[in-house]
Amino acid sequence: MLGQLLSFAALIGLTVGDNHFNQLPRDLPKMSVPDLIKYWGYPVEEYWVTTDDGYILGLHRIPHGRESEDASQPQPRPVVYLQHPLTSSSSAWVFGPPQKSLGFILADLGYDVWMGNSRGNTYSRNHTYLETCSTARCKEFWDFGWHEGGLYDVTAGIDFALSKTNQRELRYVGHSMGTTQYLVMLSERPEYNEKIKLGVLLAPPAFMSHATNFIFQIAKLANDVEILYHLFGFYEFLPHYDIISWLAHSICGDDNHLGSILCLNAGFLILGFNPGQLNATMIPTYLDHIPEGTSTRPFVHYAQLHLSKGFGAYDYGKEENLIRYNQTTPPEYDLSKVTAPTAIFKGDADDLVNVVDVDILVNRLPNVVFDHMVEKDGWTHTDYVVAMDADYLVYDYVVQLLNDIDGK
């Protein structure tokens, strides 16, 4: 693995100088999401919710800001629900430091922050009766994609958060797959539009024919998305391995400047973000939590969208489609049913969610209240979560949108 990372670093030929984030602790201890939240000085609550199809999901809540800032906050606090991208978890919103992480920013501004975890990751790897191993013996557990995530996972999380807080509606913020799940939820279960006061979609994958990511290029060259199953596994895709965390901590130590440069290169390659926006000292923490487990189907489904040039349900093949959908081709999602106010963010260097594809989505949605190109050249798919300037390039706009919808 280390040899591969060295080769990768040499291949992309990047070097990095010092930046203004170097005063941060270089190597946070390895922690779970609840412990990470506590580390940064915030209260945290953990809940478990069971979906209609039996998956047991972990929900993480930051009920208010840091204690010293809590006394002046009104009750009850408005609820905001954050849904993470693919191969990630609720950690995406709380890596830290607090002024650079959306979950903490919103908590300090008086929001009751709830963070979902999609089925299959570390915090949602349980079921009422199915086994959860990574092999063929547990294939029924991994028989899911982001369609089921939108249909069952985010709906269960939203219902639990609203019930717990005795509120009727919330604000939804999703990144990547978290936005696809939003679109599935509101098109397939349109009654949830009434529960969404505002939806904020960061880099929404829906129409994907202009994406240039290597996964789609592999599928296109093979003319068959099934090759992705052979490359990445038929069941669990990218489970979290402790060796990744160990390696990151080992090569990014305080006394190893060369290792820090390599660490930045490895992070850029693995996580796919802009090296000029990357805080190299935080890479060990990122690799503690990325990748998280999911099934291979979400990737294959996205590849299907890339090849089909549409936004439809999963294609099981003609015979299985006929059984599941009563037609030989998968149905398209009816985006006219997504009537909740929706804000869109897009970046110019996103190889998964091309601006052209996002504009197609914007034109199909009936209630887009904000359509924003991030004002930074080279803005990539994961910069929304880990870029050093995400606070003022993205989060300030999100906060203003929430203030506007809440009349603040």
### Query
Do the side chain of Thr179 and the main chain of Leu201 share a donor and acceptor less than 3.5 angstrom apart?
no

### Message
Pairing donors with acceptors under 3.5 angstrom, does anything connect the side chains of Asp288 and Thr285?
### Response
no

### Message
Nearest 0.5 Å, please: how far is CD in Glu46 from CD1 in Ile37?
### Response
9.0 Å

### Message
Taking atom OH as the centre, does Tyr152 end up with more than 12 heavy-atom neighbours from other residues, nucleotides or ligands that are less than 6.0 angstrom away?
### Response
no

### Message
Would you call the rings of Phe144 and Phe141 parallel, tilted or perpendicular, taking 30° and 60° as the class edges?
### Response
perpendicular

### Query
With distance as the sole criterion, is a donor-acceptor pair present between the side chains of Thr342 and Tyr182 under 3.5 Å?
yes

### Query
Given Gln400 and Asp396, is the side chain to side chain donor-acceptor pair (under 3.5 Å) satisfied, shown in steps?
CA-CA 6 Å; Gln400 187 58 55; Asp396 283 356; over 6 Å; no

### Message
On a heavy-atom basis, which atom in Ala313 and which in Pro330 lie closest, and how many Å separate them?
### Response
O-CB, 3.2 Å

### Message
Using 0.5 Å steps for rounding, measure from the CG atom of Asp383 to the CG atom of Leu202.
### Response
12.0 Å

#### Entry: Atom pair OG/NE2 of Ser89 and His289 - distance to nearest 0.5 Å
6.5 Å

### Task
Step through the shown structure and confirm whether more than 12 heavy atoms of other residues, nucleotides or ligands are within 6.0 Å of CD on Gln327.
yes

### Query
Where does the angle between the aromatic ring planes of His127 and Tyr55 fall among parallel (under 30°), tilted (30 to 60°) and perpendicular (over 60°)?
perpendicular

### Query
CG/Leu57 to CG/Leu59 distance, rounded to the nearest 0.5 angstrom?
7.0 Å

### Query
Under 6.0 Å between the ring centres of Tyr395 and Tyr397?
no

### Summary
What one should report as the nearest heavy-atom pair of Ala92 and Pro85 is CB-CD, 4.1 Å

### Task
Please report the shortest heavy-atom distance between Val94 and Met115, naming the atom on each side.
CG1-SD, 3.9 Å

### Task
Taking the side chain as every heavy atom from C-beta outward, state whether Ile56 and Val49 have any atom pair closer than 4.5 Å.
no

### Query
Should the ring pair Tyr384 and Trp379 be called parallel, tilted or perpendicular, given that the plane angle runs from 0 to 90° and is split at 30 and 60?
perpendicular

### Any donor-acceptor N or O pair under 3.5 Å, side chains Asp389, Gln277
yes

### Query
Does the side chain of Glu45 come under 3.5 Å of the side chain of Tyr47 through a donor N or O and an acceptor N or O?
yes

### Check against side chain to side chain contact (heavy atoms under 4.5 Å, CB included), Gln181 and Gln83
CA-CA 9 Å; Gln181 292 171 326; Gln83 189 64 31; 3.3 Å; yes

### Message
Counting C-beta onward and ignoring hydrogens, is there a side-chain heavy-atom pair between Asn117 and His60 closer than 4.5 Å?
### Response
yes

### Shortest non-hydrogen contact from Ser118 toward Met177
OG-CE, 3.7 Å

### Query
Which pair of heavy atoms, one from Gly65 and one from Pro43, lies closest together, and at what distance?
O-CD, 3.7 Å

### Query
Taking C-beta and beyond as the side chain, do Val44 and Arg61 meet within less than 4.5 Å on heavy atoms?
no

### Query
Any sub-3.5 Å donor-acceptor pair from Asn321's side-chain atoms to Thr328's backbone N or O?
yes

### Message
Taking atom CD as the centre, does Glu320 end up with more than 12 heavy-atom neighbours from other residues, nucleotides or ligands that are less than 6.0 angstrom away?
### Response
yes

### Audit row: Asn354, Val358, side chain to side chain contact (heavy atoms under 4.5 Å, CB included) steps and yes/no
CA-CA 6 Å; Asn354 188 277; Val358 178; over 6 Å; no

### Ion pair Lys100/Asp391, N-O distance below 4.0 Å
yes

### Message
Given 3.5 Å as the limit, does a donor-acceptor pair link the side chain of Asp35 with the main chain of Met31, or not?
### Response
no

### Query
Is there a side-chain contact between Trp114 and Ile62 (heavy atoms, below 4.5 Å)?
no

### Task
Determine whether Phe207 and Ser308 make a side-chain contact, defined as any pair of heavy atoms from C-beta on separated by less than 4.5 Å.
no

### Message
Treating His372 as the side-chain partner and Lys346 as the backbone partner, does any N or O pair qualify as donor plus acceptor under 3.5 Å?
### Response
no

### Task
Evaluate side chain to side chain contact (heavy atoms under 4.5 Å, CB included) for Ile196 paired with Ile158, printing each intermediate quantity in order.
CA-CA 9 Å; Ile196 305 296; Ile158 286 171; 4.1 Å; yes

### Task
Tell me, with the steps shown, if Phe299 and His301 meet ring pair (Phe, Tyr, Trp, His ring centres under 6.0 Å).
CA-CA 5 Å; Phe299 290 90; His301 197 172; over 10 Å; no

### Centroid-centroid distance, Phe216 to Tyr302, less than 6.0 Å
no

### Task
Please check if the side chain of Trp146 supplies one atom and the backbone of Leu86 the other of a donor-acceptor pair under 3.5 Å.
no

### Query
Would you find a donor on one side and an acceptor on the other, under 3.5 Å apart, between the side chain of Tyr123 and the backbone of Val33?
yes

### Message
Between Ser124 and Asn121 (side chain of the first, backbone of the second, donor and acceptor by atom type, cut-off under 3.5 Å), is there such a pair?
### Response
no

### Task
I would like to know whether Val399 and Leu109 meet side chain to side chain contact (heavy atoms under 4.5 Å, CB included); could you show each step before the answer?
CA-CA 9 Å; Val399 168; Leu109 289 173; 3.5 Å; yes

### Query
Is the charged tip of Arg77 near the ring of Tyr111: under 6.0 Å from the six-membered ring centre and within 45° of its axis?
no

### Query
Looking at CG of Leu82 and CZ of Arg171, how far apart are the two atoms once the value is rounded to the nearest 0.5 Å?
12.0 Å

### Query
Taking everything shown except Glu332 itself, do over 12 heavy atoms lie less than 6.0 Å from its CD?
yes

#### Entry: N/O donor-acceptor pair under 3.5 Å between Asn193 side chain and Lys337 backbone
yes

### Task
Output yes when Asp159 and Lys195 qualify as a salt bridge under the 4.0 Å nitrogen-oxygen rule, no when they do not.
yes

### Query
Does the ring centre of Trp93 sit less than 6.0 Å away from the ring centre of Phe104?
no

### Query
Any luck finding a side-chain donor-acceptor pair between Glu292 and Thr87 under 3.5 Å?
no

### Query
Less than 4.5 Å apart, any side-chain heavy atom of Leu198 and any of Leu402?
yes

### Query
If you round to the nearest 0.5 Å, how far is CG of Asp153 from CE of Met185?
11.5 Å

### Query
With side chains defined as the heavy atoms from C-beta onward, is the minimum distance between Leu130 and Cys138 less than 4.5 Å?
no

### Query
So, are Asp348 and Lys376 salt-bridged, with charged N and O less than 4.0 Å apart?
no

### Query
Is any NZ, NE, NH1 or NH2 atom of the basic residue among Asp53 and Arg119 found under 4.0 Å from an Asp or Glu carboxylate oxygen of the other?
yes

### Task
With the side chain counted from C-beta on, respond yes when Pro341 and Lys197 share a heavy-atom pair under 4.5 Å apart, and no when they do not.
no

#### Entry: Shortest non-hydrogen contact between Met388 and Gly276, atoms and distance
CE-O, 3.6 Å

### Exam field: side chain Glu148 to backbone Gly145, donor-acceptor pair closer than 3.5 Å
yes

### Message
Distance to the ring centre below 6.0 angstrom and angle to the axis at most 45 degrees; does that hold for Arg297 and Tyr314?
### Response
yes

### Task
Step through it carefully: locate the ring centre of His210, locate the ring centre of His306, and say whether they are under 6.0 Å apart.
no

